Amino acid sequence: MKTISLGKPLLALDLTLHSGQSFHWDPEGDGWLGAMGDTPVYVEQIQGELFVNREARAAATSYLALDHPLEHIESTFPKDPVTQEALSFCRGMRILRQPKWEALATFITSSMKQVAHIAQISQTLRKRYGRELFLEGRTLYAYPTPEALAALQESDLRACALGYRAAHLLGAARLVASGEVNLESIAQMPDAEAQQALRRLPGVGEKVANCALLFGFERLRAFPVDVWIERVLRERYFPKEGKVTATMIRAFCAKAFGPYGGYAQQYLFHHARLTWKKG
DNA sequence: CTCCAGGTTCCGG
DNA sequence: CCGGAACATGGA
């Protein structure tokens, strides 16, 4: 594989590609093979130096968010022991800049699913309905467009093991494909307004909307609260006794984690998911 | 076998 | 605003 160097950015590549943001990266040689939007990419990191196939330079710089001032971002995290523990575990992890529809759609399919199964759904959808991409004899697949999915029947998607999520994904695809919901317009809105606009789509509640905003719309303050984050918050940030409501959690997260709350959230999520011990 | 997973939606208090 | 139930599927 012929590659070019992208220098030595602060980046934990392997961690970043397997932190539950994207779900389609396959091991290949010393690196990874996958699609960044419509660009087929091989990416590897050797002793801190980042390499990609030549045609992927621009796509990789954007997708890996090498323009995020990561050292500064990590310095804005709160100094409490829980966040700092997650930081030392995940240092160098970046929030990927994924295509808007891809981020939104993959998280519509994520509800009540383990990461491994979200990956399986993503791969099936890509192979059956995504555009073929070629890289040195390998075939990769882009995430299917809203138009491609909008043309299907719910039964087609159920056949991809989406279960009840099939109707959600199909409904969302049709609203986006028809132009009734315009993701580029949403990208121009302030955070709160953008969240409300996304929640007009079926299968998009507060959590999925925040995932889409964080991973696809460059809203680095968006703070998705899933079962893992809620577990950490309840165990480590709130007193054991007493009720903790969703409203309280929302208010706390908006205040406590700063302008890059979404980054802190992703570090907390990944750390919790990989180190949590029962009991 | 049971339990749970990067939730959303709908319905009564 | 809050809690509960239904919703599919597969890995642990």
Side-chain angles (χ1 to χ4, degrees), chain A residues 15-25 86 89-90 93-96 98 102-125 143 153-173 175 181 195-217 219-220 222-235 238 242-254 257 261-279:
Chain A
L15 200 61
T16 299
L17 293 182
H18 293 92
S19 56
Q21 304 182 55
S22 63
F23 304 90
H24 63 289
W25 289 95
F89 188 83
C90 299
M93 184 163 77
R94 287 177 183 267
I95 298 291
L96 299 171
Q98 300 182 63
E102 182 176 324
L104 174 60
T106 56
F107 280 93
I108 287 175
T109 66
S110 77
S111 89
M112 294 299 291
K113 279 292 176 193
Q114 295 182 347
V115 168
H117 197 204
I118 302 168
Q120 183 189 314
I121 290 171
S122 168
Q123 292 288 21
T124 304
L125 290 175
Y143 197 85
Q153 298 302 124
E154 183 178 326
S155 56
D156 297 321
L157 291 176
R158 288 206 173 235
C160 298
L162 267 75
Y164 66 84
R165 304 158 196 81
H168 293 163
L169 183 60
L170 183 59
L175 284 171
V181 170
Q195 200 206 62
Q196 286 310 307
L198 288 171
R199 291 182 65 170
R200 288 175 46 209
L201 295 164
V204 183
E206 180 176 4
K207 191 271 179 181
V208 170
N210 279 330
C211 285
L213 288 171
L214 178 60
F215 301 132
F217 289 76
R219 306 308 170 96
L220 302 184
F223 198 104
V225 177
D226 73 315
V227 291
W228 288 99
I229 290 294
E230 187 163 340
R231 196 171 287 158
V232 171
L233 293 172
R234 286 179 185 280
E235 292 284 328
F238 287 93
K243 293 183 183 62
V244 181
T245 67
T247 306
M248 293 166 64
I249 290 177
R250 194 180 306 125
F252 177 77
C253 294
F257 294 100
Y263 253 96
Q265 176 275 154
Q266 186 62 18
Y267 284 42
L268 288 168
F269 167 81
H270 189 68
H271 179 242
R273 204 170 74 81
L274 269 56
T275 63
W276 195 272
K277 298 181 188 73
K278 290 178 181 174

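All values derive from a computational prediction rather than experimental measurement.
Listed nucleotides: C:dC7, C:dT9, B:dC4. Nearest to the side chain of A:Gln114: B:dC4. When distances are taken from the side chain of A:Val208 to each of C:dT9, B:dG7, C:dG3, the shortest belongs to B:dG7. If you check B:dC4, C:dC2, B:dT9 against the side chain of A:Thr245, the one that comes closest is C:dC2. Minimum atom distance to the side chain of A:Asp226 is reached by B:dG7, of the listed C:dA8, C:dG10, B:dG7. Taking only side-chain atoms of A:Tyr164, from C-beta outward, the nucleotide of C:dA8, C:dG3, C:dT9 with the closest atom is C:dA8.
The backbone N or O of A:Arg94 sits less than 3.5 Å from a side-chain atom of A:Thr16, completing a donor-acceptor pair. With A:Tyr263 contributing its side chain and A:Ile95 its backbone, the two residues share a donor-acceptor pair below 3.5 Å.
Looking at heavy-atom distances under 4.0 Å, A:Arg231 makes contact with sugar-phosphate atoms alone, never a base. Within 4.0 Å (heavy atoms only), A:Ile121 reaches no atom of the nucleic acid at all. When heavy atoms are screened at a 4.0 angstrom cut-off, A:Ser19 is found touching base atoms of the nucleic acid. Within the nucleic acid shown, A:Val225 has no heavy atom closer than 4.0 Å to any nucleic acid atom. Among the protein residues, A:Glu230 comes within range of no part of the nucleic acid, since none of its heavy atoms lies under 4.0 Å from any strand. Residue contacts shown for A:Gly20 include a base, since a base heavy atom lies under 4.0 Å away.
A straight line from CG of A:Leu162 to C1' of C:dC7 spans 13 Å, rounded to a whole angstrom. Residue A:Phe23 contributes atom CZ, which lies 16 Å from atom C1' of C:dG10 at whole-angstrom precision. Atom CG of A:Leu169 and atom P of B:dT9 are 14 Å apart (whole Å). Rounded to an integer number of Å, the gap from CE of A:Met112 to P of C:dG10 is 15 Å. Between A:Ile118 atom CD1 and B:dA5 atom C1' there is a gap of 8 Å when expressed in whole angstrom units. Separating the NE2 atom of A:His168 from the P atom of C:dA6 is a distance of 16 Å, rounded to the nearest angstrom. A:His117 has its NE2 atom 16 Å from the C1' atom of B:dG7, to the nearest Å. Atom pair A:Lys207:NZ and B:dA5:P shows a separation of 12 Å (rounding to whole Å applied).
A donor and an acceptor atom sit less than 3.5 Å apart, one in the side chain of A:Arg165 and one in the base of C:dA8. Side chain A:Lys113 to base C:dT9: a donor-acceptor pair is found below 3.5 Å.
Atom CG of A:Leu17 sits about 6.5 Å away from atom CG of A:Leu96, to the nearest 0.5 Å. For the atom pair CZ of A:Phe107 and CZ of A:Phe23, the computed distance is 4.0 Å after rounding to the nearest 0.5 Å.
Of the residues near DNA chain B, A:Ala116 and A:Gly203, the one whose nearest nucleotide (by heavy atom distance) lies more toward the 5' end is A:Ala116. Two residues, A:Val204 and A:Arg273, neighbour DNA chain B, and the one matched to the more 5' nucleotide by heavy-atom proximity is A:Arg273.
Ionic pairing of A:Glu230 and A:Arg234 is present here: one or more N-O contacts between side-chain nitrogen and carboxylate oxygen are shorter than 4.0 angstrom.
Donor-acceptor pairing under 3.5 Å is recorded for the side chains of A:Ser19 and A:Gln21.
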